[in-house]
2 protein chains.
Amino acid sequence: MPTTHPHSDAPHPEAHEPDVDERTAAALRLWVIMSRAQAAVSDLASADVARHGLTLAEFGILEALYHRGPMLLGEVQKRILVSSGGITFLVDRLVAKGLVERRTCESDRRARYAALTAKGEELVRDIFPAHAAVITRAMAGIPSEDQQHVADMLRDVGRHAANLPPAD
Amino acid sequence: MPTTHPHSDAPHPEAHEPDVDERTAAALRLWVIMSRAQAAVSDLASADVARHGLTLAEFGILEALYHRGPMLLGEVQKRILVSSGGITFLVDRLVAKGLVERRTCESDRRARYAALTAKGEELVRDIFPAHAAVITRAMAGIPSEDQQHVADMLRDVGRHAANLPPAD
DNA sequence: TGCCGTTGTCTTACTACTAAGTATTATACA
DNA sequence: TGTATAATACTTAGTAGTAAGACAACGGCA
């Protein structure tokens, strides 16, 4: 017998069938799912660092400085994917919190380094392990043995997208 | 002979080795790569819809309404992943542009539907195919035959992250 | 019926950024 | 050398959102 749902799933008369080929439909589905996954993990990570009064972007800077040592503002900017004005603003905030200091660059007087203060270093040491654990647990949705492979493919997506003409 | 790089890759004295196990390191790498891929595709998609004076969030609403028909604001909100205030604001903007209209709900006088106007419908019909093509090309970084599999895994990451306790 | 917790939208105040342009310094070249 | 171009950080103004809460209406229950 034909089953009938309590909620009608007949399409609304004002709805339109998506008329795309299966290849396109698969890409669009993947794009939506990737965005949702990224947003979900991002929310989780944000909530985690927010407990310490930090933005995800701020934490990213601290972590980069912790693991790489002092960096030029422009280098940090490229790593964190933030605008030029944004990096100035973020570093300002971290300086105000006493976690980061600016240093002049001997060989280029335009450039400034950002470096962790002792307090900043201590903070990263304190919160990094738990933060890494949160991310790791979220990412456990992908089997450990597949993670490298997925990462390789996603890296390719990033490269692909970055090299695509903005419009054509 | 030992090759020497022009740029020293000796770690900076103020840098710290990340002391995490390989499993954690892999998860963190994947997280960074996923974020970058998402950001790159998002930038591309934003630039594409910006040519028509739209935000990505605005386009998402239009597309959802086009393919599903009129929806309650709350439904749209869940689909677009935006705050409750945000959906009001976004729909306001789309109404101001003449692309969307609000309709009252017969059975619940609190609720409002959002529905495309003729102009909105025409706009989606105009720009959706090219937009889908942009996304598809970016996503081509992942071989077509792997896309379904990757989508399944990422969906799991999203579920994982959403169900994880905010902090523990 | 009248109350109470819930739901759906909207309002207000705020925030974390971006975009665009400026000042300064470095670099390449005639 | 002097000049044009590029790179680096910063400034200012603006924007797309969020968070918290108010208000109205619904639905269950005594």
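So you know, we letter chains A, B, ... as the sequences are listed, proteins then strands, and number each from 1.
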Inset, instruction - For A:Thr55, answer base if it contacts any base atom (sugar-phosphate contacts may also be present), sugar-phosphate if it contacts only those atoms, and nothing otherwise; contact means non-hydrogen atoms under 4.0 Å. - result: sugar-phosphate

Legend entry - Upstream residue (5' side of DNA chain C) when A:Arg93 and B:Glu75 are each assigned their closest nucleotide: B:Glu75

Inset, instruction - Just grab all the side chain to side chain donor-acceptor pair (under 3.5 Å) pairs involving residues 67-86 of chain B, residues at least two apart or on different chains. - result: B:Glu63-B:His67

Inset, instruction - Please report, rounded to the nearest Å, how far the P atom of D:dA16 is from the CG atom of B:Leu94. - result: 11 Å

Inset, instruction - Give a yes or no answer on whether the side chain of B:Thr24 reaches the backbone of B:Val20 with a donor-acceptor pair at less than 3.5 Å. - result: no

Inset, instruction - Compare every heavy atom of B:His131 with every heavy atom of B:Leu56, then report the nearest pair and how far apart it is. - result: CD1-CE1, 4.3 Å

Inset, instruction - Could you check how far CZ of B:Arg109 sits from C1' of D:dG27, rounded to whole Å? - result: 15 Å

Inset, instruction - Inspect the contact between A:Arg110 and A:Asp108 and indicate whether a charged nitrogen and a carboxylate oxygen are less than 4.0 angstrom apart. - result: yes

Inset, instruction - With sequence neighbours excluded, tell me which residues meet ring pair (Phe, Tyr, Trp, His ring centres under 6.0 Å) with A:His149. - result: none

Legend entry - Atom-to-atom span, CD of A:Gln77 to C1' of D:dC10 - whole angstrom: 12 Å

Legend entry - Side chain of B:Ser83 (C-beta onward), nearest among D:dC10, D:dG17, D:dT18: D:dT18

Legend entry - Any donor-acceptor N/O pair, B:Asp48 side chain to B:Leu44 backbone, under 3.5 Å: no

All N/O pairs under 3.5 Å across the protein-nucleotides 1-8 of chain D interface:
residue : atom : partner  : partner atom : Å
D:dA7   : N3   : A:Arg110 : NH1          : 2.7

Inset, instruction - Return the minimal non-hydrogen interatomic distance between B:Lys119 and B:Gly98, and the atom names on each side. - result: CB-O, 3.7 Å

Legend entry - B:Glu145 atom CD: more than 12 heavy-atom contacts under 6.0 Å: yes

Legend entry - Nucleic acid contacts of residues 58-69 of chain B, taken as heavy-atom distances under 4.0 Å to DNA chain D: none

Legend entry - Nucleotide range of DNA chain C lying under 4.0 Å from chain A heavy atoms: C:dA16 to C:dA26

Inset, instruction - Output every pair passing salt bridge (charged side-chain N to carboxylate O under 4.0 Å, His left out) with a member in residues 91-102 of chain A, not counting sequence neighbours, ordered by first then second residue. - result: A:Glu58-A:Arg93, A:Glu58-A:Lys97, A:Asp92-A:Arg102, A:Glu101-A:Arg103

Legend entry - Sidechain-backbone polar pair: B:His52 side chain, B:Leu54 backbone, donor-acceptor under 3.5 Å: no

Inset, instruction - Would you mind classifying the nucleic acid contact of B:Ile87 as base, sugar-phosphate or nothing, using non-hydrogen atoms under 4.0 angstrom? - result: nothing

Legend entry - Atom OH of B:Tyr113: over 12 foreign heavy atoms under 6.0 Å: no

